[in-house]
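First comes the structure, then the notes that go with it.
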Amino acid sequence: MVETQPTAGHFINGRYVEDTAGEVIDVIYPATGEKIAQVHAATPAIVEQALASAAAAQKEWAARSGTERGRVLRRAADIIRERNRELSILETYDTGKALQETLYVDATSGADALEYFGGLAGSLTGEHIQLGADFAYTKRVPLGVCVGIGAWNYPTQIACWKGAPALACGNAMIFKPSEMTPLCALKVAEILVEAGLPAGLYNVVQGMGAVGATLVEDPRVAKVSLTGSVPTGKKVYAAAAAQMKHATMELGGKSPLIIFDDADVENAVSGAMLANMYSTGQVCSNGTRVFVQKGVKDAFLTRFAERCAAIKLGDPLDEETHLGPMVSEAQMNIVLDYIAKGKAEGATLVCGGDRLERDGFYVAPTVFADVTDGMTIAREEIFGPVMAVLDFEDEVEVIARANDTPYGLSAGVFTNDITRAHRVVDQLEAGTCWINTYNLAPVEVPFGGVKASGVGRENAKAAIEHYSEIKSVYVGMTPVDLAY
Ligand code: NAD
């Protein structure tokens, strides 16, 4: 059992709630395969409680000043930072990601979002538009009850990235975590209430896709923000469209990372490492198609393999460990299947390629070279520590190949030629691009995809657009001018 474990499965109207009539969801610690907790999927009664309490609480919250709302969020950020270690340990139990990572990028990134949107809340305004004697003004109004649906790779961060801007704008949020990682969002809810958030404004309900679908389809819900796969995104976006609801879709990718001959090879290796191995490869924006210009291919592959050999894979609670297991046995098997396809379709295995012989769902960091554009491992999102290296000759060719994918989440370029860096980035079809670095996603920068990778943006001021709408008010200052 986890010491810091939440005391029940759902968090509704300011307190923990359980309904054991719901289907049991076992929480498995990925490093051992052991069951560490269980929650129950939300029953219709639980979903109803969540919706009714959110709808009831939202109006009073929206009537408060932005500064007041922001103060609550900033207090929650402080509490999260004070409890970073225990929250990081919980994140490690939930996901299997190494504590060495979770101590720095999960609860802390959630706190960043609460702090940022807390700071912004007081400055959300409309504008004044003079129209001769008449004038108009706009108001930025909240949407109402928003639903957040999470993926399993960053459960604390996703709960905050959706909750913080929603609450800052005066909405209520009902968050459904992934059924694989149900624990962390409960702590976020608990802390928000401790920080002064009125009951009902941030509810967490558990469940599989069906619970998410029920929430999205409820007419009391004004908006849905999903982080998940493209197939789920298509279903959720369609369900939202059927009732003309607002939607943010943060979906998957198969992002290109381009390394030119003139790049600093060691730095490019570090970038590619971050782009493929961090969080055991379970990052949506990973640069998994690594295009390496022919002149640096050998040096790049040699150094990458050397550095892979130094990666410490093991007990994620040991702070010396770099990488933990995959989140689940199912995800491990998906990744092993892709590795088998890479081998069968003729890619050259440079390192890794196997499951580790130990308890838990461990896959060795794996690199394939001589990958061609049509291979399955170059086309489909793997979501594991598997890097595909493709050769290229020149800039025009690589841009066309990089863009030849239905996805468009992210892209990266390593080069020391400043004009080339910007020229190439301008042509890459991706929501976020990195030059000479990779996978950094601070809250100040908008994040999201183009093409099949999504709709809308999270983080930064851009997120405000997706959690509020503009109301225009025209004010007539003279009698109505009408010919009949
Ligand atoms: P998933 O699509 O299987 O599930 C995501 C969430 O959607 C889960 O909570 C699930 O229960 C729910 N869901 C499933 N069917 C639903 C339905 N019909 N209606 C409503 N909700 C439904 O994704 P996953 O396996 O949990 O996560 C991995 C995927 O998430 C990858 O594709 C990854 O790239 C993507 N991801 C994207 C981002 C981003 O910001 N763009 C971040 C992290 C992960």
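For ligands, and for the atoms within them, numbers begin at 1 and follow the listed sequence.
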Return the residue, atom name and 0.1 Å-rounded distance of the protein heavy atom closest to [atom].
{"atom": "atom 32 (O) of ligand 1", "answer": "Glu381 OE1, 2.6 Å"}
{"atom": "atom 35 (C) of ligand 1", "answer": "Gly228 O, 3.1 Å"}
{"atom": "atom 17 (C) of ligand 1", "answer": "Gly209 O, 3.6 Å"}
{"atom": "atom 18 (N) of ligand 1", "answer": "Lys235 CD, 4.0 Å"}
{"atom": "atom 36 (N) of ligand 1", "answer": "Cys284 CB, 3.4 Å"}

> What residues form a ring pair (Phe, Tyr, Trp, His ring centres under 6.0 Å) with Phe392, not counting sequence neighbours?
Replying inline: Phe260
> Which atoms of ligand 1 are found less than 4.0 Å from any heavy atom of Met208?
Replying inline: 11 (O)
> Taking only heavy atoms of Gly252, which atoms of ligand 1 are found under 4.0 Å from at least one of them?
Replying inline: 32 (O), 34 (O)
> Any N or O of Glu179 that comes nearer than 3.5 Å to an N or O of ligand 1?
Replying inline: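 Yes, at least one N or O pair falls under 3.5 Å.
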> Is the shortest N/O to N/O distance between Ser453 and ligand 1 below 3.5 Å?
Replying inline: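 Checking ligand 1 against Ser453, no N or O pair falls under 3.5 Å apart.
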Using a strict cut-off of less than 4.0 Å between a Lys/Arg side-chain nitrogen and an Asp/Glu carboxylate oxygen, indicate whether [X] and [Y] qualify as a salt bridge.
{"X": "Glu115", "Y": "Arg81", "answer": "yes"}
{"X": "Lys312", "Y": "Asp318", "answer": "no"}
{"X": "Arg83", "Y": "Glu194", "answer": "yes"}
{"X": "Arg220", "Y": "Glu48", "answer": "yes"}

> With a cut-off of 6.0 Å (strictly less than), are more than 12 heavy atoms of other residues, nucleotides or ligands near CZ of Arg15?
Replying inline: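 No, the 6.0 Å shell around CZ holds no more than 12 heavy atoms from other groups.
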>> Please determine whether the number of non-hydrogen atoms from other residues, nucleotides or ligands lying under 6.0 Å from atom NZ of Lys461 exceeds 12.
In response: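 Atom NZ in Lys461 is not crowded, with 12 or fewer foreign heavy atoms closer than 6.0 Å.
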>> Looking at Tyr237, I'd like to know if the NZ or CZ of Lys234 sits under 6.0 Å from its six-membered ring centre while staying within 45 degrees of the ring's axis.
In response: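 Not flagged: Lys234 not positioned over aromatic ring of Tyr237.
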Using heavy-atom distances only, which candidate in [options] approaches [atom] most closely?
{"atom": "atom 15 (N) of ligand 1", "options": "Thr232, Thr432, Asn153", "result": "Thr232"}
{"atom": "atom 33 (C) of ligand 1", "options": "Phe447, Tyr407, Phe383, Trp152", "result": "Phe383"}
{"atom": "atom 6 (C) of ligand 1", "options": "Ser229, Gly150, Gly212, Ala151", "result": "Gly150"}

What do we get for [X] next to ligand 1 when only non-hydrogen atoms under 4.0 Å count, side chain, backbone, both or neither?
{"X": "Leu251", "answer": "backbone"}
{"X": "Pro177", "answer": "backbone"}
{"X": "Leu226", "answer": "side chain"}
{"X": "Ile149", "answer": "side chain"}

>> Centroid separation under 6.0 Å, is that true for the rings of Phe383 and Trp152?
In response: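 Yes: the rings meet the under 6.0 Å criterion.
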>> Would you say that Phe368 contacts Leu349 through its side chain, given a criterion of any heavy-atom pair below 4.5 Å between the two side chains?
In response: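 A side-chain contact exists here, since the closest heavy-atom pair is under 4.5 Å.
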>> I'd like to know whether ligand 1 has Val216 as a neighbour, heavy-atom separation below 4.0 Å.
In response: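 Distance cut 4.0 Å: Val216 fails for ligand 1.
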>> Could you check whether any heavy atom of Ser178 sits closer than 4.0 Å to an atom of ligand 1, since that is the contact criterion I want to use?
In response: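 Ser178: in contact with ligand 1 (<4.0 Å).
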>> Considering only residues two or more places apart or on different chains, which pairs with a residue in residues 322-331 satisfy side-chain hydrogen bond (donor to acceptor under 3.5 Å, both in side chains)?
In response: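 Passing the test, one end in residues 322-331: no pairs.
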